[in-house]
Number of protein chains: 2
Amino acid sequence: MDLLAPMRTFVRVVETGSFTAVAREASTSQPTISRQIAALEAHLGARLLTRSTRALTPTQDGRAFYEHARRALEAVGEAENAVGRRRGRPSGTLKLSIPVVFGRLHVVPRLGRFLARYPELSIELAMGDGFADLVEQGIDLAIRVGVVQDQGLVARRIGTVRRLAVAAPSYLRRRGAPDSPAALASHDCIAYTRLATGNRWHFQGRDGPIAVDITGRFATDSSEGVREAVRVGLGVALIPAFAISDEVRRGRVRVLLRDYEPTPLPLSLVYPSRRLVPLKVRAMADFLAREFAPDGPGKAPPTESGG
Amino acid sequence: MDLLAPMRTFVRVVETGSFTAVAREASTSQPTISRQIAALEAHLGARLLTRSTRALTPTQDGRAFYEHARRALEAVGEAENAVGRRRGRPSGTLKLSIPVVFGRLHVVPRLGRFLARYPELSIELAMGDGFADLVEQGIDLAIRVGVVQDQGLVARRIGTVRRLAVAAPSYLRRRGAPDSPAALASHDCIAYTRLATGNRWHFQGRDGPIAVDITGRFATDSSEGVREAVRVGLGVALIPAFAISDEVRRGRVRVLLRDYEPTPLPLSLVYPSRRLVPLKVRAMADFLAREFAPDGPGKAPPTESGG
DNA sequence: TATGATCCATACGGTTTTCGTATGAATGGA
DNA sequence: TCCATTCATACGAAAACCGTATGGATCATA
């Protein structure tokens with residue numbers, strides 16, 4: 001029997017919660033949907049949906065099958081897109097995860113162009129800075145700032161993020177400004193806990209690299225949290241230039257240690273490793289790599305060529 | 001239209017090179033096969049096969065589609081196996097990669113039991129010691145000795161491999177036996193180039209770990225090569241106990257430095273990371289983990305619990 | 001509580017599709 | 001040169017499919 005049509009139908013039924021709605025969507029009759037689901041259940045030997053007239057709920061089997069079916073349908077779509085008249089025309093839904101601040105400032109504004117170029121592709125956007133659970137959440141592609149250490153993921157470096165050591169005027173009035181990285185040891189430093197480097201800050205001085213073990217009484221796993229903490233004068237922090245330059249321009253925070261450049265962070269594309277990378281992932285990865293290339297199409301590229 | 005049947009048919013056609021053969025195999029008529037392929041080509045808008053009456057050759061598109069189709073069919077199969085009457089019954093073909101020596105001695109003898117337990121599953125066995133290209137080769141699951149460092153792969157430790165420092169009597173007559181790891185520096189040491197540790201050998205002595213930088217004039221990426229080199233007296237080597245104990249028992253090689261245990265190597269299962277690990281991979285992984293567990297069903301487990 | 005609306009399952013008849021047999025064209029080997 | 005084999009196509013029968021109509025059940029609302 002044909003499995004694809006019932007599988008497609010089932011996926012939509014789970015997502016809409018209604019046979020009738022799916023029938024309308026597919027320009028067919030409700031009994032057709034009903035029959036497809038029934039045939040699917042008979043074929044699998046399992047009840048997939050709990051019918052209660054007013055509400056359709058997937059059973060435990062139904063939820064499991066839904067996940068597998070989505071995956072299988074995507075694989076079939078990839079096969080169709082691999083050759084012939086649909087070659088190179090990515091379709092389906094791309095689940096993209098981007099850092100909160102960087103994403104808002106630099107990625108989201110560019111997505112319109114991407115969507116226009118690939119009309120058969122949709123984007124489901126997840127914003128977050130964490131490395132964990134990309135696979136678990138079914139993320140197809142992620143942008144991450146910092147060293148990628150996850151096993152099971154492939155990283156492709158697309159640029160470098162400059163950082164600045166910054167503090168608010170109120171903090172500097174109270175505690176003075178450090179005149180060297182070493183002086184940070186006696187300052188309140190705000191740690192961003194997502195970076196592997198943790199409580200050690202690295203700088204490039206004129207005479208080579210400098211590492212400082214910092215201390216402080218405030219740490220957070222949110223990049224926006226770091227910025228807010230700096231703004232209200234909680235301490236000194238290293239913040240990507242793109243995320244803080246506005247505040248600097250307005251005089252709300254000051255740049256410190258101008259002779260010492262904090263070690264730049266890599267900007268990477270991260271995706272689950274597969275033998276056949278889905279077309280849609282490749283399309284988005286290439287798009288982003290080109291957008292953020294040093295001489296790419298972006299007017300004000302936030303990154304600099306890798307170093 | 002139904003795509004699955006044509007895709008299945010196409011895969012078999014590529015593999016057998018004949019419409020007629022596939023028709024017999026599927027208990028149907030040759031025109032049915034012919035029509036399915038034609039419909040598939042029409043749907044994709046690409047010619048998949050070059051027909052020359054006596055020989056069917058996949059076109060470039062055909063080869064590409066074949067790869068994608070196999071993947072998609074496997075995903076569909078996984079969906080079917082996830083629920084209902086076929087739940088937990090892995091099917092299809094599992095591509096397994098195992099180390100040459102370890103595999104021959106300890107894995108292959110156990111596969112019969114595995115195949116008996118899962119009658120709908122076939123195994124395609126690749127023997128090799130390298131970490132590279134597991135994804136490229138389409139390996140579903142690999143056993144590896146040593147530290148797994150590949151990005152894009154998930155490693156699951158299932159045991160530990162003891163090693164012995166060994167040399168042939170002929171070599172020992174010529175060069176004497178080292179009385180401590182440090183003495184190895186002035187011996188001909190045979191390096192196994194696949195280990196990340198390279199030219200540094202690690203031992204556990206009574207007073208803690210010892211590391212020795214070794215030198216030598218023979219290195220190889222083949223574990224059998226190391227063993228042969230030892231046998232013919234080329235030098236001293238660290239060899240897994242399971243691979244050399246026979247030779248030791250027959251007196252063909254001698255164990256050195258009995259007071260210093262070479263640091264054991266991890267024995268790991270390695271597979272590409274995915275959200276939904278295929279049932280067949282899970283089945284094999286669990287089987288192997290149980291077989292090689294310290295108190296597992298194997299009569300003479302070659303491994304010891306992790307340390 | 002009663003009524004109406006909505007939703008899913010099932011029966012039925014007509015249409016479409018599918019499939020196997022028979023046949024033709026082409027190629028490679030004897 | 002002839003024969004055997006292979007894939008493509010035509011045709012008629014059989015099967016599958018689909019939409020309409022209908023029934024049973026539940027929830028919202030009066």
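Numbers restart at 1 for each chain; the letters A, B, ... are given by sequence-line order, proteins then strands.
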### Query
Looking for any heavy atom pair under 4.0 Å, which part of the strands does B:Leu56 touch: base, sugar-phosphate only, or nothing?
sugar-phosphate
### Distance-only polar pair, side chains of B:Ser223 and B:Asp129, donor-acceptor under 3.5 Å
yes
### Message
Return whichever of A:Ser29 or A:Ser52 has its heavy-atom-nearest nucleotide of DNA chain D closer to the 5' end.
### Response
A:Ser29
### Task
Could you tell me whether B:Arg282 atom CZ has more than 12 heavy atoms of other residues or ligands within 6.0 Å of it?
no
### Query
Does one side chain, of B:Ser91 or B:Asn81, offer a donor that lies under 3.5 Å from an acceptor on the other?
yes
### Query
Does one side chain, of B:Thr93 or B:Glu124, offer a donor that lies under 3.5 Å from an acceptor on the other?
no
### Query
Would you say the side-chain atoms of A:Glu80 and B:His43 include a donor-acceptor pair closer than 3.5 Å?
yes
#### Entry: Range on DNA chain C touched by chain B - first to last nucleotide, heavy-atom distance under 4.0 Å
C:dC19 to C:dG28
## Note on the structure
On DNA chain D, more 5' by nearest nucleotide between A:Ser27 and B:Phe19 is B:Phe19
### Query
What are the 5'-most and 3'-most nucleotides of DNA chain D lying under 4.0 Å from any heavy atom of chain A?
D:dC18 to D:dC27
### Query
Given the side-chain rings of B:Phe292 and B:Phe287, with only the six-membered ring counted for Trp, is the space between their centroids under 6.0 Å?
no
### Query
Does a donor on one side chain and an acceptor on the other come within less than 3.5 Å for B:Thr20 and B:Gln30?
no
### Query
Among side-chain atoms of B:Arg51 and B:Thr57, is any donor-acceptor pair under 3.5 angstrom?
no
